[in-house]
Engineer: 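Below you will find the structure I want to go over with you.
Being a predicted model, the structure only gives us computed values, none of them experimental. Chain letters run A, B, ... following the sequence lines, proteins first, then strands; residues in each count from 1.
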Amino acid sequence: MSNKYGYVGKDVPTQSFGSNKGVLNTDDLYELSNAGKLTQYGQLELIETQTVSGTPSTLVFNDLQTNKYDIHFMTISNFKPQTDNRHLALRYQVNGTTTTGFDYKYAMQRQTASTSSELKSGNDSKIWLAYNCGINQNSLNGYIIFYNLKSSYAFINTHFYQIDKDNNISTNFQTAVRDEIGGVDGIEFATSGGNLEHGLFSLYGVRSFK
Amino acid sequence: MGKLVQVATNTVTSAVASVTLTGIDSDDVYMLTISGAKCSENDRYGYLRVTESGTENSSANYDKANKTLKSATSLQNDSGTNATFWDRISSLEGEFLTSGVTSNAIMYLYNMNSTTEYAFMTHEGVTFDTTNGVLGAQGGGVFTSSGTARDGVKFFWNSGNVTAGVFTLYRVV
């Protein structure tokens with residue numbers, strides 16, 4: 001028998017986000033929440049936080065919950081590589097395997113002290129998020145917005161801020177994509193050489209109740 | 001603790017001329033997300049107008065300043081005043097008739113509910129351009145008119161219909 005959420009008879013109200021009706025019990029709330037039909041405000045939902053520990057060569061997020069989220073938001077704070085003058089890179093995983101083809105395209109505007117520069121590529125094997133980070137410099141901080149990780153081309157917008165190897169304030173913003181459709185099930189971070197040393201990476205889903 | 005509160009959403013699955021989202025009724029910052037948007041034609045720009053009592057305002061009061069990011073060519077500055085819309089929202093030159101190519105963006109809206117202040121916005125978006133390079137636009141704009149509260153936004157392309165996309169408006173609290 002289908003759940004009528006406390007109602008009996010005909011003309012049972014339809015339950016949907018923003019329009020729940022009746023007196024709901026615990027089972028009803030659980031069922032409606034799982035179905036995305038329960039009004040719950042707070043549509044920026046933390047999926048996972050990882051803290052860099054033990055100087056790994058990569059940091060990977062595999063719990064993306066792409067069935068729930070079209071847009072993901074990630075914050076990266078206090079990141080440092082184990083070695084000076086290294087860059088932070090992003091690659092996707094598909095079917096659990098890191099993609100290493102030259103399928104990444106990006107365009108970045110960077111401002112370092114009074115010098116601006118454009119960093120672009122139409123065929124790289126990774127997306128560079130920031131350059132010239134180091135264990136002996138102040139940390140890198142910023143965020144990434146991911147679009148359509150599952151169903152389309154995986155686009156991103158990024159913003160990062162740091163004190164670079166020459167002790168200059170450096171900021172950048174970027175747009176990038178992997179030129180292959182869909183199937184992303186992992187996000188991998190690595191450096192241009194050596195391991196990761198510090199960093200707090202938090203992945204959120206931006207929920208949209210349709 | 002801060003959070004996002006969904007105010008309105010529209011999932012487009014068949015062609016429509018535009019998408020309007022309303023429900024702005026507080027002085028909070030609002031966030032608009034556009035995911036998987038497509039146009040019925042290639043090489044089109046995303047436009048945006050504010051709405052007042054649900055009706056678009058098409059007066060010549062939209063100013064902008066953007067940086068266009070392109071992997072295939074030099075980055076470009078883009079600015080203008082007194083337009084009848086904000087453009088380069090979500091994309092320009094999108095190769096929308098190619099399978100899987102979509103336009104995506106996030107925008108923050110400020111002072112929308114005010115009757116005394118201009119309404120401001122910042123945005124960042126990304127898609128493919130007509131050369132199959134990645135293309136994005138990041139920047140901001142201002143609606144230089146006051147006196148009436150703005151209760152939402154209307155999205156449309158400079159030509160053609162909206163054929164797909166999830167458009168959601170959140171309140172940031």
Side-chain angles (χ1 to χ4, degrees), chain A residues 17-18 36 39-46 69-73 103-111 116-124 127 143-159 172-182 204-210, chain B residues 1-13 23 31 33-38 67-77 90-91 95 98-106 123-129 131-139 164-173:
Chain A
F17 179 87
T39 305
Q40 302 171 96
Y41 292 119
Q43 276 72 63
L44 182 64
E45 301 177 348
L46 176 64
Y69 305 110
D70 297 322
I71 297 176
H72 292 74
F73 177 69
D103 298 321
Y104 293 94
K105 301 181 175 186
Y106 53 80
M108 172 190 287
Q109 174 75 46
R110 185 178 66 180
Q111 186 76 27
S116 62
S117 54
E118 302 175 1
L119 299 102
K120 308 187 296 289
S121 176
N123 60 338
D124 206 333
I127 298 167
Y143 67 86
I144 307 168
I145 301 165
F146 299 89
Y147 305 94
N148 310 312
L149 287 175
K150 179 182 180 182
S151 59
S152 179
Y153 293 100
F155 294 99
I156 63 171
N157 289 128
T158 73
H159 290 254
N172 76 62
F173 55 93
Q174 172 175 225
T175 188
V177 68
R178 178 174 179 259
D179 193 6
E180 294 287 341
I181 289 184
Y204 302 84
V206 181
R207 191 79 177 267
S208 177
F209 291 93
K210 300 161 186 170
Chain B
M1 179 182 293
K3 59 185 178 183
L4 296 177
V5 173
Q6 180 172 313
V7 174
T9 190
N10 189 333
T11 301
V12 176
T13 55
M31 184 176 89
T33 62
I34 301 172
S35 175
K38 292 181 75 72
K67 192 76 173 186
T68 301
L69 308 170
K70 305 180 78 168
S71 63
T73 64
S74 295
L75 280 56
Q76 301 166 352
N77 296 323
S90 181
S91 77
E95 188 71 5
T98 300
S99 176
V101 173
T102 63
S103 184
N104 310 276
I106 284 185
H123 71 94
E124 51 192 307
V126 58
T127 186
F128 277 111
D129 65 16
T131 66
N132 197 36
V134 68
L135 180 153
Q138 302 201 12
V166 180
F167 300 75
T168 306
L169 180 66
Y170 301 90
R171 183 162 57 99
V172 182
V173 296

Engineer: Taking the side chain as every heavy atom from C-beta outward, state whether A:Val177 and B:Val126 have any atom pair closer than 4.5 Å.
Structural biologist: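 Side chain of A:Val177 against side chain of B:Val126, heavy atoms only: no contact under 4.5 Å found.
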
Engineer: Answer with side chain, backbone, both or neither: which region of A:Ser208 has an atom nearer than 4.5 Å to a non-hydrogen atom of chain B?
Structural biologist: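 Contact with chain B: backbone and side chain both.
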
Engineer: If we ignore hydrogens and angles and just use 3.5 Å, is the side chain of B:Tyr170 paired with the main-chain N or O of A:Arg207 as donor and acceptor?
Structural biologist: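 At least one qualifying donor-acceptor pair exists.
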
Engineer: Under 4.5 Å from any heavy atom of chain B, what part of A:Phe173 do you find: side chain, backbone, both or neither?
Structural biologist: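 A:Phe173 touches chain B through backbone and side-chain heavy atoms alike.
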
Engineer: At what distance, to the nearest 0.5 angstrom, does NZ of A:Lys210 lie from OG1 of B:Thr11?
Structural biologist: 5.0 Å

Engineer: Which pair of non-hydrogen atoms, one from A:Ala107 and one from B:Ser71, has the smallest distance, and what is that distance?
Structural biologist: CB-N, 3.6 Å

Engineer: Find out whether B:Thr168 and A:Gln43 are in side-chain contact, i.e. whether some heavy atom of one side chain is under 4.5 Å from a heavy atom of the other.
Structural biologist: no

Engineer: Under 4.5 Å heavy-atom distance to chain B, tell me which part of A:Ile156 shows up: side chain, backbone, both or neither.
Structural biologist: backbone

Engineer: Please check: side-chain N/O of A:Ser152 versus main-chain N/O of B:Gly100, any donor-acceptor pairing under 3.5 Å?
Structural biologist: yes

Engineer: Please tell me if the side chains of A:Lys105 and B:Asn132 come closer than 4.5 Å, counting only heavy atoms from C-beta onward.
Structural biologist: yes

Engineer: Could you look at A:Thr158 and say if it's the side chain, the backbone, both or neither that has a heavy atom under 4.5 Å from chain B?
Structural biologist: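 Backbone only.
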
Engineer: Mind checking the NZ-OG1 spacing from B:Lys67 to A:Thr175? Nearest 0.5 Å is all I need.
Structural biologist: 14.0 Å

Engineer: Any side-chain to backbone donor/acceptor pair from B:Glu124 onto A:Asn157? Under 3.5 Å, distance only.
Structural biologist: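 Looks like no, no N/O pair under 3.5 Å.
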
Engineer: Between A:Gln174 and chain B, with a heavy-atom cut-off of 4.5 Å, which part of the residue counts as in contact: side chain, backbone, both or neither?
Structural biologist: backbone

Engineer: Can you see which heavy atom on A:Asn148 is nearest to which on B:Ser35, and at what distance?
Structural biologist: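 Shortest heavy-atom separation between A:Asn148 and B:Ser35 comes out as OD1-OG, 3.1 Å.
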
Engineer: Can you say whether B:Gln138 sits under 4.5 Å from chain A via the side chain, the backbone, both, or neither, judging by heavy atoms?
Structural biologist: side chain

Engineer: Looking at CD1 of B:Ile34 and CG of A:Asp70, how far apart are the two atoms once the value is rounded to the nearest 0.5 Å?
Structural biologist: 13.0 Å

Engineer: Let's test your reading of the structure: which of B:Asn10, B:Ile106, B:Val166, B:Val101 forms the most heavy-atom pairs below 4.5 Å with chain A?
Structural biologist: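 Option with the greatest count: B:Ile106.
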
Engineer: Can you tell me how far apart NZ (B:Lys70) and CD (A:Glu118) are? Round to the nearest 0.5 Å.
Structural biologist: 12.0 Å

Engineer: Non-hydrogen atoms of chain A under 4.5 Å away: do they reach the side chain of B:Thr73, the backbone, both or neither?
Structural biologist: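 B:Thr73 touches chain A through backbone heavy atoms alone.
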
Engineer: Please report the interatomic distance CZ(A:Phe17) to OG1(B:Thr9), rounded to the nearest 0.5 Å.
Structural biologist: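 Atom-to-atom, A:Phe17:CZ and B:Thr9:OG1 are 9.5 Å apart.
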
Engineer: Once rounded to the nearest 0.5 Å, what's the spacing between atom CZ of A:Phe155 and atom OG1 of B:Thr127?
Structural biologist: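 One gets 4.5 Å once the value is rounded to the nearest 0.5 Å.
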
Engineer: Using side-chain heavy atoms (C-beta onward) and a distance below 4.5 Å, is A:Tyr147 in contact with B:Thr33?
Structural biologist: no

Engineer: Would you mind telling me which of A:Ala176, A:Gly182, A:Gly18 has the largest number of heavy-atom pairs within less than 4.5 Å of chain B?
Structural biologist: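 That would be A:Ala176.
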
Engineer: Quick check on A:Leu44 against chain B: is it the side chain, the backbone, both or neither that has a heavy atom closer than 4.5 Å?
Structural biologist: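 Interface part for A:Leu44: both.
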
Engineer: Under a 4.5 Å heavy-atom cut-off, does chain A meet the side chain of B:Val5, its backbone, both or neither?
Structural biologist: both

